[in-house]
Novice: 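Below is one structure. I have some questions about it.
Computed from a prediction, not measured in an experiment: that's the story for all the values here. Computation of the quantities below employed the complete heavy-atom set of this structure, encompassing side-chain atoms and omitting hydrogens, waters and symmetry-equivalent molecules.
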Amino acid sequence: MITLDRLVNVLGGYGVRLYGRAEARSAWLRSVVMPEAADRHVAGDVLLAVGASSLAEAVRWAAAAGATAVLVRPTGTDAAGEGRSGADLEREAAAIGDRHGMAVLLADPAVSWSQLAGVVYGLVLESRETASGRGPTDLFALADNLADVIGGAVTIEDRHSRVLAYSRSQQAGDPARLETILARRVPDRLRELLQRQGVFAHLAATDEPVFVPADPAQGLTGRMAVAVRAGQELLGSVWVSCDRALTGAHRRALADGARTVALHLLRSRASADLERQVESDLVIRLLEGGADAEPVIGRLGLAPQALRVIAVRASTPDDRHAALLLAFEQATTGFGWSRPGRSALLGDTLYTILSAERADAARQWITALRSELPARVRVAAGIGAPAGVAELPAGRQEADECLALHEGADPAAVPPAYDESWDDILLRRLRAAAETGRAPARGPVSTLLRHDTRHGTGFAATLRAWLEAQGDLTLAAERLGVHPNTVRNRLRRMGELTPLDLADARQRLAMTIMLAACADEPRR
């Protein structure tokens, strides 16, 4: 069961457009039907008008079926055989949809019915929403049934130890289970304990259930755990609270339950992966620029103004790629269009387009993302300035440069935003240019820097302080922590080493830029 809004947005990636009855986007869709050759009087929420000779016929079928929406794939004859353009067909779809109170979904003729049917059936019949994000609601029912059969509290987790579902029953529950459910993931201290005991290694290697003994110091009673696997791939695990290792019928019930969970997770992942693929493709098109940016931003459900691009890299000391994939999965978790951002993976960077006027809103999004990742994951991020749709490619570059700033800063530093840190970005560009040999190798600043290196003097720092103080000897001396006469004497000695025309405004500007481009701060 999903809303028409979600169906329209996902199908948008396949060239499907909604015409007529736009207010129906909030309607819930529970069933999909196709007209039968022998009996056209079928009933359902979405009708796939396979075989319809015209829009009018497709809408009549849908009205007879009591449908909320009808999906029509025009044939060449519909679109052009009667001398009508694509625009004429769209106007007819809007008019006939409004007249009959029907949401008309007009598909691209290049997309086959088999593809369209697979997507629609998969989304309407297999998608579910839960408080924990993506995952079928009947996982909770399965957890309840399993708990009733075995007689212990059940928790179903994904491969990252995040909670997908849990039983209502609290028999044999303990503080550790309650903490896990409230946080929606196994606490790091318990993960470390299970890691030391070899539980995760066991789950990764075999389908045989494993017993975890009680640990009162951690608020943990006994547990039985079994892997949820599809072929050789570990999808997650099922945990049951119990005083001793399960045997007989209870052990078989746990193993059977794990296989059923695997089927649910595979169906859920297929739907989730479809959504992620469509969303990612649209986001990448916006970040790379194109003439169709306005329609794309509308299909993503974002306002076309006050957008910020966020660039994120996530890593752990031993695995960079897994942490990044985990961050992407978290950024795209959640159904509907309640998520404030739309995300895509490009290379080793997660990009998110966020509707946010203020940089603090973007930082709150980054903080929320970081809080959902394991504590050992390092997250670096950069934020582009507010941008319109056409400016998103520039926003991506701004976010990349701010990300580079954050990666070189303290891990606890606040992620920089371009509109607040453009001066740091400029200096970084200048330093990058200087490091590639594009800065003058000769001239006053280069001469003074070489002299400082060879003789331990602080001439470059003195010149910087004097320029920053706009020629005020007293202020420059305060910044350097010396007497004004010392500054005066240094300037005189510098003039003996190299031509130093401090009265020339252009030379002062050039020297200021050159000093700023130095990778290392000069000595004072």
Side-chain angles (χ1 to χ4, degrees), residues 2-22 24-25 29 32-35 44-62 67-98 100 102-125 127 270-271 273-286 288-302 337 342 344 389:
I2 62 168
T3 63
L4 176 61
D5 179 75
R6 179 174 167 237
L7 180 65
V8 169
N9 279 293
V10 173
L11 288 178
Y14 292 81
V16 176
R17 299 291 182 272
L18 171 65
Y19 299 94
R21 206 185 172 202
R25 294 181 78 106
L29 308 176
V32 183
V33 293
M34 285 191 291
D45 294 328
V46 182
L47 183 129
L48 307 185
V50 180
S53 61
S54 67
L55 276 171
E57 184 176 36
V59 171
R60 284 197 304 271
W61 290 353
T68 300
V70 57
L71 180 62
V72 184
R73 178 177 170 269
T75 64
T77 301
D78 287 327
E82 299 176 5
R84 293 177 299 161
S85 66
D88 290 335
L89 192 64
E90 293 169 3
R91 282 192 291 271
E92 180 187 352
I96 198 171
D98 288 335
H100 290 270
M102 183 71 58
V104 180
L105 304 177
L106 209 57
D108 186 337
V111 182
S112 69
W113 268 120
S114 60
Q115 288 179 301
L116 293 169
V119 173
V120 175
Y121 273 102
L123 288 172
V124 176
L125 300 184
S127 296
S271 174
D273 286 348
L274 172 62
E275 274 203 326
R276 287 189 174 104
Q277 179 182 345
V278 172
E279 179 177 320
S280 294
D281 290 345
L282 295 177
V283 169
I284 290 170
R285 284 166 63 180
L286 288 173
E288 293 181 343
D292 62 345
E294 290 286 351
V296 170
I297 204 73
R299 285 158 61 184
L300 283 171
L302 296 174
W337 296 103
R342 306 290 179 265
V389 177

Novice: Val120 and side chain to side chain contact (heavy atoms under 4.5 Å, CB included): which partner among Val32, Leu29, Leu105?
Specialist: Val32
Novice: List the steps and the verdict of side-chain contact (heavy atoms from CB on, under 4.5 Å) for Leu300 and Glu279.
Specialist: CA-CA 7 Å; Leu300 283 171; Glu279 179 177 320; 4.2 Å; yes
Novice: For a side chain to side chain contact (heavy atoms under 4.5 Å, CB included) with His100, tell me which candidate from Val104, Asp98, Ile96 qualifies.
Specialist: Ile96
Novice: So how far is it from Arg91 CZ to Asp88 CG, rounded to the nearest 0.5 Å?
Specialist: 4.5 Å
Novice: Work out which heavy atom in Ala293 is nearest to a heavy atom in Leu286; give both atom names and the distance.
Specialist: O-CD2, 3.6 Å
Novice: Looking only at heavy atoms, which two atoms of Tyr19 and Ala94 are closest? And how far apart?
Specialist: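 Heavy atoms only, the tightest pair is CB-N, 3.7 Å.
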Novice: About how many Å separate CG of Asp108 and CG of Leu11, when rounded to the nearest 0.5 Å?
Specialist: 12.0 Å
Novice: Verify side-chain contact (heavy atoms from CB on, under 4.5 Å) between Leu282 and Arg342, making sure each step is shown before the conclusion.
Specialist: CA-CA 9 Å; Leu282 295 177; Arg342 306 290 179 265; over 6 Å; no
Novice: Would you say the side chain of Trp113 lies within less than 4.5 Å of the side chain of Leu48, judging by non-hydrogen atoms?
Specialist: yes
Novice: Given the rule in the side-chain contact (heavy atoms from CB on, under 4.5 Å) test, do Leu106 and Leu55 qualify, once you have shown the distances and angles that lead to the verdict?
Specialist: CA-CA 9 Å; Leu106 209 57; Leu55 276 171; 3.9 Å; yes
Novice: Of all the heavy-atom pairs spanning Ile284 and Ala344, show the shortest one and how long it is.
Specialist: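 Here Ile284 and Ala344 meet closest at CG1-CB, 3.8 Å.
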Novice: If you look at every heavy atom in Val70 and Ala49, which pair is closest and at what distance?
Specialist: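 Smallest heavy-atom distance, with atoms named: CG2-CB, 3.9 Å.
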Novice: Could you check if a side-chain atom of Leu7 sits within less than 4.5 angstrom of a side-chain atom of Val16, using non-hydrogen atoms only?
Specialist: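 Not in contact.
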